[in-house]
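Numbers restart at 1 for each chain; the letters A, B, ... are given by sequence-line order, proteins then strands.
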Protein chains: 2
Amino acid sequence: MEGKQRTAASPSDAISALDDLISTSVVGQQEFARNLGLSMTDLICFAHVLEAGDSWVTAGDLAARAHVTTGAVTGIINRLERGGFVTREPDPADRRRVRVAAVPAAADRVQAVYGPYHARLAELFTQYTPDEIAIVTDWFTRAAAVARVYLDESCAP
Amino acid sequence: MEGKQRTAASPSDAISALDDLISTSVVGQQEFARNLGLSMTDLICFAHVLEAGDSWVTAGDLAARAHVTTGAVTGIINRLERGGFVTREPDPADRRRVRVAAVPAAADRVQAVYGPYHARLAELFTQYTPDEIAIVTDWFTRAAAVARVYLDESCAP
DNA sequence: GAATTTATCTTAGATGCTAAGGAAATCGCA
DNA sequence: TGCGATTTCCTTAGCATCTAAGATAAATTC
């Protein structure tokens with residue numbers, strides 16, 4: 001049992017389509033960040049904090065992830081803290097470090113902004129079979145891993 | 001005939017994976033832009049100019065696409081022009097307008113920066129069947145359209 | 001326990017954005 | 001046609017955020 005017919009696509013077609021999606025998504029991220037009173041970099045860092053779940057990340061982790069200097073991270077955490085998105089406290093185990101943890105309610109605030117957009121994407125997925133969704137999801141996961149490896153490599157010569 | 005087995009994924013799993021990919025890609029775009037001596041917004045605008053092919057776009061088109069003010073676009077075009085990425089000339093048909101066109105060789109310069117990363121993605125695609133690539137490509141195209149519609153709607157109240 | 005390394009913060013300066021407004025070209029309607 | 005309204009881009013002032021360089025304090029090494 002197959003899904004609907006689609007026109008054939010080469011990898012380079014796929015990459016072009018992806019570039020377009022990324023480009024549009026960057027603009028979208030800017031808007032989401034603005035709606036939350038944050039900068040785009042702030043939002044990327046907060047996503048990383050959320051990913052840590054009930055745990056926490058350090059300021060240095062955020063600098064590495066967002067590819068910004070530690071000086072910039074100080075400002076980022078200041079804004080996230082002032083906005084009630086994260087808490088900052090010194091790590092008792094290593095008092096040079098700063099533990100940044102998500103404020104539980106903040107995830108909902110971000111979700112409220114992403115929600116309407118995510119709903120549109122979910123609607124798009126109704127046109128796809130579970131198998132197809134699995135393929136797409138798998139690709140996202142691998143591509144993100146590829147991108148992260150590439151970023152780490154190409155900036156540590 | 002099926003591709004390899006994949007773990008099942010719900011739409012919300014897919015969206016989470018996508019969010020992660022987007023987040024990483026934003027950082028990647030920052031790096032690419034830096035390698036070209038541009039800002040991320042400059043690069044997004046130049047992508048839009050490239051998309052126009054042998055044609056051209058106006059300054060206002062770029063402002064709408066990148067969601068920045070027309071004042072910012074003046075600076076963006078200045079940098080792209082100074083960097084040899086685009087030409088700027090008044091539109092003879094409507095002399096208020098400015099025609100922004102890509103310098104032919106500039107596409108290659110950008111490609112040189114994206115190339116190594118695209119090669120990694122192409123490598124990833126070798127693990128997918130043509131049918132699967134078609135599904136993924138199709139999804140990218142539709143998602144980009146969804147995102148653009150959403151952006152246009154949510155910023156024109 | 002002194003020297004080195006690590007992690008964060010501070011400061012000064014540069015960059016890129018917005019908001020507001022101006023100038024020139026076009027449109028639209030009497 | 002003529003003249004006000006609109007569109008398009010540019011300019012300016014001010015603000016937010018980044019980098020680079022260096023300071024500070026804590027941990028690690030030998």
K.L.:
Rounding to a whole Å, what distance do you find between D91(B):CG and dT26(C):P?
P.N.:
9 Å
K.L.:
Expressed as a whole number of angstroms, how long is the span from D94(B):CG to dT7(D):C1'?
P.N.:
8 Å
K.L.:
What orientation do Y150(A) and Y117(B) show, parallel under 30°, tilted 30 to 60°, or perpendicular over 60°?
P.N.:
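Y150(A) and Y117(B): tilted rings.
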K.L.:
Do W139(B) and L21(A) come close enough that some side-chain heavy atom pair is under 4.5 Å?
P.N.:
yes
K.L.:
Could you state the CD-P distance from E31(B) to dC18(D), rounded to the nearest angstrom?
P.N.:
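Roughly 14 Å, once rounded to whole Å.
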K.L.:
Between C1' on dC17(C) and CD1 on I44(B), what's the gap in Å once rounded to a whole number?
P.N.:
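Taking atom C1' of dC17(C) as the reference, CD1 of I44(B) is at 14 Å.
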K.L.:
Indicate whether OP1 or OP2 belonging to dG16(C) is found under 4.0 Å from a side-chain N or O atom of R79(B).
P.N.:
yes
K.L.:
Of all the choices, dT26(C), dC9(C), dT19(D), which nucleotide is nearest to the side chain of R96(B) once you look at every atom?
P.N.:
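Among dT26(C), dC9(C), dT19(D), the one nearest the side chain of R96(B) is dT26(C).
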K.L.:
Classify the nucleic acid contact of G75(A) as base, sugar-phosphate or nothing, counting any heavy atom under 4.0 Å across all strands shown.
P.N.:
nothing
K.L.:
Please compare P92(A) and T70(A) by the position of their nearest nucleotide in DNA chain D and report the one closer to 5'.
P.N.:
T70(A)
K.L.:
CZ of R95(A) versus C1' of dA7(C): gap in Å, rounded?
P.N.:
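So the two atoms are 14 Å apart, to the nearest Å.
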K.L.:
Side chain of R97(B): nearest nucleotide among dT8(C), dC9(D), dT26(C)?
P.N.:
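My answer, after comparing the listed nucleotides, is dC9(D).
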K.L.:
For the base of dC17(C), is there a side-chain donor-acceptor partner from T41(B) under 3.5 Å away?
P.N.:
no
K.L.:
Could you say whether N78(B) or R34(B) is positioned toward the 5' end of DNA chain D, judged by the nucleotide with the nearest heavy atom to each?
P.N.:
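Its nucleotide being nearer the 5' end, the pick is N78(B).
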K.L.:
Tell me the interatomic distance from M40(B), atom CE, to dG16(C), atom C1', rounded to whole angstroms.
P.N.:
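Atom-to-atom, M40(B) to dG16(C), this comes out as 12 Å.
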K.L.:
Are R142(B) and D138(B) within salt-bridge range, i.e. N to O under 4.0 Å?
P.N.:
yes
K.L.:
Want to settle it: does A93(B) or D61(A) sit nearer the 5' end of DNA chain C, counting the closest nucleotide to each?
P.N.:
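The residue closer to the strand's 5' end, by nearest nucleotide, is D61(A).
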K.L.:
Which nucleotide in the set dC18(D), dC9(C), dA26(D) lies at the smallest distance from any side-chain heavy atom of A72(A)?
P.N.:
dC18(D)
K.L.:
With the side chain of T69(B) defined as its heavy atoms from C-beta on, choose the nearest nucleotide among dC9(D), dA7(C), dA19(C).
P.N.:
dA19(C)
K.L.:
For the pair made of CD1 in I76(A) and P in dT8(C), what is the distance, rounded to whole Å?
P.N.:
13 Å
K.L.:
Which nucleotide in the list dC18(D), dC9(C), dA25(C) gets nearest to the side chain of V98(A)?
P.N.:
dC9(C)
K.L.:
Could you state the CD-C1' distance from E89(B) to dT8(D), rounded to the nearest angstrom?
P.N.:
16 Å
K.L.:
Are OP1 or OP2 of dC9(C) and a side-chain N or O of R88(A) less than 4.0 angstrom apart?
P.N.:
yes
K.L.:
Side chains of I77(A) and L62(A): closer than 4.5 Å at any heavy-atom pair?
P.N.:
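With C-beta onward as the side chain, the pair touches.
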K.L.:
Of all the choices, dT19(D), dC9(D), dC17(C), which nucleotide is nearest to the side chain of V68(B) once you look at every atom?
P.N.:
dC17(C)
K.L.:
Look at the aromatic rings of F125(A) and Y128(A) and report parallel, tilted or perpendicular, splitting at 30° and 60°.
P.N.:
perpendicular
K.L.:
Report yes if the side chains of R120(B) and V149(A) come closer than 4.5 Å at any heavy-atom pair, otherwise no.
P.N.:
yes
